[in-house]
Protein chains: 2
Amino acid sequence: MKVMVGGTFDPLHDGHKRLLDRSFELAGPSGHVLIGLTTDVFASHKVHPIRPFAERKSDLAQYIAGKNYHIDWLIEPLNDRFGSAIESDFDAIVVSEETIPVAVEINKIRREKGKRKVDIHQISCVLAEDSRWISSTRIYRGEIDVHGHILH
Amino acid sequence: MKVMVGGTFDPLHDGHKRLLDRSFELAGPSGHVLIGLTTDVFASHKVHPIRPFAERKSDLAQYIAGKNYHIDWLIEPLNDRFGSAIESDFDAIVVSEETIPVAVEINKIRREKGKRKVDIHQISCVLAEDSRWISSTRIYRGEIDVHGHILH
């Protein structure tokens, strides 16, 4: 299956890892995973500073390589919320509970353009020790680490 | 991955087949698929007559067996919308665009009970020749066949 997933992935935390792992599981051995990585310009709307694209890409590639999936994958720069998800021919998009509205919007636009809708796979967010979601913002604020451990 | 899917599956149409195929793809070789099949009593709220449980189960089992998946699967009777999806330990539920609200509700109840949420995989509904969804109701009405061909 051809799968798309996207994000800023900074820093790469356990929620991102679940998102990526599920994307590869879903794609399966003969599948393909396209990972949209926000550009520095697009990511600059975030409330906290973001590391440069090249560094984020390198961390992402290192994580994926370490999993030894025998599945094709590619990282593409994401200049907006949709990237190539409107025009491309693919099967499923993997999102979190936070980002599912983007997938719903992608399907709406695809339908308007006469393209078929894609499957939407929503992962359940990974919880930190305090039972709240792990998020980059919380990590940046120093509340938790990338695994969701509470920092004091 | 442990996957759950549910329905009445009467008659088994191309939309159901996509739902089942995706469930097995998602489960993967070492996974497990639990198929909840509505009981005759529970299915009797439908607007059209439903064939008996045993017949629906037999069609379902025949379709799955024909796919030669080397994946464990089981059909369980579904007495209500949730079946064992609240209490069970599983990873993902596969739903259609029509039935996604049930999955959202399942996650809400699981969370309230202190259980972890599961992934929700929403397939895009299979379209009939007239670009509307294939559904059992439309088939029963004689508008389309199980593959979505328009009947005159």
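Source: prediction; values computed, not measured. Sequence lines set the chain letters: A, B, ... in the order given, protein chains first and strands last, and positions in each chain run from 1.
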Q: Please answer: with hydrophobic residues joined when any side-chain heavy atoms are less than 4.5 Å apart, are A/Leu12 and A/Ile75 in the same cluster?
A: yes

Q. Is it the case that one hydrophobic cluster holds both A/Val94 and A/Ile35, taking links as side-chain heavy atoms less than 4.5 Å apart, direct or via other members?
A. yes

Check chain A and chain B for donor-acceptor pairs under 3.5 Å and report each one on its own line.
residue	atom	partner	partner atom	Å
A/Arg22	NE	B/Asp119	OD2	2.5
A/Glu97	OE1	B/Lys117	NZ	2.6
A/Arg111	NH2	B/Ser131	O	2.9
A/Lys117	O	B/Ser124	OG	3.3
A/Lys117	NZ	B/Glu97	OE1	2.7
A/Asp119	OD1	B/Ser124	N	3.1
A/Asp119	OD2	B/Arg22	NE	2.5
A/Asp119	OD2	B/His121	NE2	2.8
A/Ile120	N	B/Gln122	O	2.8
A/Ile120	O	B/Gln122	N	2.7
A/His121	ND1	B/His121	ND1	3.0
A/His121	NE2	B/Asp119	OD2	2.8
A/Gln122	N	B/Ile120	O	2.7
A/Gln122	O	B/Ile120	N	2.8
A/Ser124	N	B/Asp119	OD1	3.1
A/Ser124	OG	B/Lys117	O	3.3
A/Ser131	O	B/Arg111	NH2	2.9

Q) Are B/Leu60 and B/Ile123 in one and the same hydrophobic cluster, where Ile, Leu, Val, Met, Phe, Trp and Tyr link if side-chain heavy atoms are under 4.5 Å apart? A) yes

Q) Among the clusters formed by ILVMFWY side chains lying less than 4.5 Å apart, do A/Leu26 and B/Ile71 turn up in the same one? A) yes

Q) Applying the 4.5 Å side-chain criterion to the ILVMFWY set and letting contacts propagate, would B/Val104 and B/Ile86 be lumped into a single cluster? A) yes

